Amino acid sequence: MSAALSGLPPYALALDMRVVDEMDGAPVIAMPFADKVQGRPGFLHGGAISGLLEMAAVAAIHRALRAKNSDSAIKQVNVTIDFMRGGTGQMTYAVGEVTRLGRTMANVEARAWQDDADKPIAMGYMHYLIRSPKTQMPSS
Amino acid sequence: MAFGKPNLGSVIPKDTAFDPALVNKLMGKFGHGGFLGMEYVGHGDDWVELAIDWREYLVGEPESGVLASAVVISLMDNATSMSIWTKLGEFRPQVTMDLRIDYLRPSPAGERVFGRGICYHLTHSIGFVRGFAHNGDPDDPLAHASGTFIRVGDRIG
């Protein structure tokens, strides 16, 4: 899938991330294990897991904005990552959930897992500023 | 996540003071640190500074050229993790429990990003860290970080 089609930025493509599925209306992004995402031998680097969470969060919020016919841009204010399990040498998935989308800010949660979707390896909690769009379409 | 005993334990001789420059020489060549091109900049008693050059493939926002937020997370993760070993004076296996980053401003396209990690408190099991990222002037930070690392035994993960 090309960058334009997937909507994923260079950083995500460089780590071979791609959109593989959808859950509750949000894109599921997958990242294969490779040396370039490795921290200690055999395990994912926390920063690579964070990158996957970030891409899932951004994809979810873009989807939520589009659902409201909004062309607003977003700006990340902060992120907290909880690392819960070591990421092992296998495919990792992540999906974001927009827990609140307001006029000025959005709260997003992202979850990353490997073989068992019920056992997250990390969670991300992000705040985004919603930048006022040049033209605001009527929202529902 | 922090680097564990398997790789570093074998390259750092026992009873030798922890040397961030030596560790980063390895960290910046392989794995995710190598992908990011992470480099050692300097250290003090309880801090370590690393840096990453701006690269097109690290961009998270193609329109502006701003680096992916996770590049700063990785930088702060490694710098704060190493600050614990530096304060301790030796390596101990640990993993990141949590890490928070506040983005004060974007890192402009083309600019090198520096990340200084500081260990401000250590207990038997936990390393409490904070830090900040900047583009060369520490008085003009672009992000602040805080987090905790937990010591693990020989069993990690």
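Remember, it's a predicted structure, so these values are computed and weren't measured experimentally.
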Return the minimal non-hydrogen interatomic distance between B/G60 and A/P9, and the atom names on each side. O-CB, 3.3 Å
Residues which pass ring pair (Phe, Tyr, Trp, His ring centres under 6.0 Å) with B/Y40, listed by chain and number, not counting sequence neighbours: B/H43
Give a yes or no on whether A/V108 and A/V95 share a hydrophobic cluster (residues Ile, Leu, Val, Met, Phe, Trp, Tyr; joining criterion: side-chain heavy atoms under 4.5 Å apart). no
Hphob cluster co-occupancy, A/M126 + A/V28, side-chain heavy atoms under 4.5 angstrom: no
Could you see if A/F33 belongs to whatever hydrophobic cluster contains A/W113? Use Ile, Leu, Val, Met, Phe, Trp, Tyr and a side-chain cutoff under 4.5 Å. no
How close do B/Y57 and A/A14 get, heavy atom to heavy atom, and via which atoms? O-CB, 3.8 Å
Separation between CZ of A/F83 and CG of B/D77, rounded to the nearest 0.5 Å: 5.5 Å
Bottom line for B/E56: the part with an atom under 4.5 Å from chain A's heavy atoms is backbone
Among the options A/D82, A/V79, A/V37, A/V77, pick out the one with the most heavy-atom pairs lying under 4.5 Å from chain B. A/V79
Heavy atoms only, distances under 4.5 angstrom: which of A/A48, A/G42, A/A34 has the most pairs with chain B? Name it, please. A/A48
Between B/Y103 and A/N78, the two heavy atoms sitting closest are CD1-CA, 4.1 Å
Is it true that A/M91 and A/M23 fall in one hydrophobic cluster, defined by side-chain heavy atoms closer than 4.5 Å? yes
Indicate if B/M76 and B/W47 have the same hydrophobic cluster label, given that clusters are the connected sets of ILVMFWY residues with side-chain heavy-atom separations under 4.5 angstrom. no
Please state whether the side chain, the backbone, both or neither of A/M123 comes within less than 4.5 Å of a heavy atom of chain B. neither
Select all residues of residues 67-75 of chain B having any heavy atom within less than 4.5 Å of some heavy atom of chain A, and report them by number, or 'none'. B/A68, B/S69, B/A70, B/V71, B/I73, B/S74
Side chain / backbone / both / neither for A/E54 at chain B, heavy atoms under 4.5 Å: side chain
Heavy-atom pairs under 4.5 Å with chain A are the metric here; pick the option from B/V66, B/T148, B/I101 that has the most. B/I101
Find out whether B/N78 and A/H45 are in side-chain contact, i.e. whether some heavy atom of one side chain is under 4.5 Å from a heavy atom of the other. yes
Does B/H32 form a side chain to side chain donor-acceptor pair (under 3.5 Å) with A/D35? I'd like the steps, not just the answer. CA-CA 7 Å; B/H32 197 55; A/D35 179 66; over 6 Å; no
So for atom CG, which belongs to A/D116, do other residues, nucleotides or ligands contribute more than 12 heavy atoms lying within a distance under 6.0 Å? yes
Supply the atom-to-atom distance B/M97 CE to A/M84 CE, rounded to the nearest 0.5 angstrom. 12.5 Å
Just how far is it from atom OG of A/S50 to atom CG of B/L99, taken to the nearest 0.5 Å? 7.0 Å
Surrounding CG of A/D24 (heavy atoms of other residues, nucleotides or ligands, distance under 6.0 Å), is the total greater than 12? no
